[in-house]
Amino acid sequence: AEEAAHRLGILSALADSRALILQEESSVPLLIWTLKTGTPKGRKRAALTLGNLALELKGQEAIINCEGAVDTVLEQLWAEDATTVRHLCQAVNSIATQEQGRQKVATNKSAVERLMVLLRSEDKQAAKYVAGALRLVAMEESGRQHVRNAATQNEGKQSLKVSDIAKGFEPASGPPRGKGQRVTWGSKPPGASDTSPEDLRPRSTSAPQPLSTLSPQPLSPSAPKH
């Protein structure tokens, strides 16, 4: 199964090959099984392939409609390997463009909290994927509520800009630039009022898309050594 996942990963770097992969109904279930039960290397390959397949509309639908697939992807956001997590963040960002997909993410409280943590990841590419995903998740009432709750938890050292989520921009790094610009985990700037759910509504009325500032490119694993 892991060797198959590796081969699919190589093929998934090409759009035409992704279409062929998605014609085989067993492809996504195989990748989800490898993601859930495989070795760390196998999980990394499966995550990469899922991230690539999710660039396609049919790939997003295949993952969403595969029983337990979205939950498995979200569970693996706690993986120790940063590359695996990055690929899964890309997949979540793409899945969330579909209403059914973002509903599944939005109702998973622990996953939304995990995404809020990953928003401050040192892996800037992963953080961008997460910002895009949270922007879309915030379109759902449950998603907005979970984002608000996570933003006000007492996490001490971490902070975030609510507008970064609402607009889908890369979260700012470093110390706050001025009063009222940030919502700090566990506190708020002097004189600032509570953030309302409307503050987390997407500003754009166009159809949701994966975070455009990324221009996500398919990734391919290195060829196996003989």
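Nothing here was measured: the structure is a model prediction, and the numbers come from that model.
Taken from CG in L14 to CD1 in I21, the straight-line distance is 9.0 Å, to the nearest 0.5 Å. Going from atom OG of S110 over to atom CD of E75 covers 8.5 Å, rounded to the nearest 0.5 Å. A distance of 15.0 Å separates CG in L31 from NZ in K36, rounded to the nearest 0.5 Å. For the atom pair W33 CH2 and E2 CD, the distance stands at 7.5 Å (nearest 0.5 Å). K44 NZ to R86 CZ: the interatomic distance, rounded to the nearest 0.5 Å, is 9.0 Å. Rounded to the nearest 0.5 angstrom, I64 CD1 and Q98 CD are separated by 5.5 Å.
Residues satisfying the side-chain hydrogen bond (donor to acceptor under 3.5 Å, both in side chains) test with E56, not counting sequence neighbours, are R18.
Contact check for S27 versus L22: no side-chain heavy atoms found under the 4.5 Å cut-off. Between V130 and N93, the closest side-chain pair of non-hydrogen atoms is not below 4.5 Å. Put simply, the side chain of L115 reaches to within 4.5 Å of the side chain of V105, judged on heavy atoms. Side chains of D81 and V85 form no contact here, defined as non-hydrogen atoms less than 4.5 Å apart. Within the 4.5 Å cutoff, the side chain of M139 has heavy atoms near those of the R102 side chain. With a 4.5 Å cut-off on side-chain heavy atoms, N108 and K104 do not count as touching. Residues L118 and R114 are in side-chain contact: their nearest non-hydrogen atoms beyond the backbone lie under 4.5 Å apart. Within the 4.5 Å cutoff, the side chain of S121 has no heavy atoms near those of the Y129 side chain.
Taking both residues in full, the closest heavy atoms of L77 and C89 are given as CD2-SG, 4.1 Å, listed atom of the first, atom of the second, then distance. Here the closest heavy-atom approach between residue A69 and residue I63 is recorded as CB-O, 3.2 Å. The two residues R43 and T34 make their nearest non-hydrogen contact at CG-O, 3.5 Å. The two residues G51 and A91 make their nearest non-hydrogen contact at CA-CB, 4.1 Å. In plain terms, the two heavy atoms of T49 and G9 that are nearest each other are OG1-CA, 3.0 Å.
Ion pairing of E140 with R144 is absent here, as no side-chain N (NZ or NE/NH1/NH2) approaches a carboxylate O to less than 4.0 Å.
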Show, in sequence, the C-alpha distance, side-chain angles and deciding distance for V137 and V92, and conclude whether the side chain to side chain contact (heavy atoms under 4.5 Å, CB included) test is met.
CA-CA 10 Å; V137 167; V92 172; 5.8 Å; no
Show your reasoning for whether side chain to side chain contact (heavy atoms under 4.5 Å, CB included) applies to E113 and N149.
CA-CA 8 Å; E113 291 174 349; N149 291 343; 5.7 Å; no
Can you check side chain to side chain contact (heavy atoms under 4.5 Å, CB included) on L88 and L35, steps first, answer last?
CA-CA 10 Å; L88 294 176; L35 182 64; 4.0 Å; yes
Report the C-alpha separation of V73 and I32 in whole Å, then their side-chain angles, then the decisive distance to 0.1 Å, and conclude whether the side chain to side chain contact (heavy atoms under 4.5 Å, CB included) test is met.
CA-CA 8 Å; V73 168; I32 293 299; 4.2 Å; yes
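When atom types are taken as modelled, the side chain of R45 and the backbone of H6 share no donor-acceptor pair closer than 3.5 angstrom.
Criterion: ILVMFWY side-chain heavy atoms under 4.5 Å apart, direct or through other members. Under it, L20 and L48 are not part of a common hydrophobic cluster. Taking hydrophobic clusters as Ile, Leu, Val, Met, Phe, Trp and Tyr residues chained together by side-chain heavy-atom distances below 4.5 Å, L50 does not share a cluster with L57.
Under 3.5 Å, the side chains of T84 and Q76 contain no donor-acceptor pair of N or O atoms.
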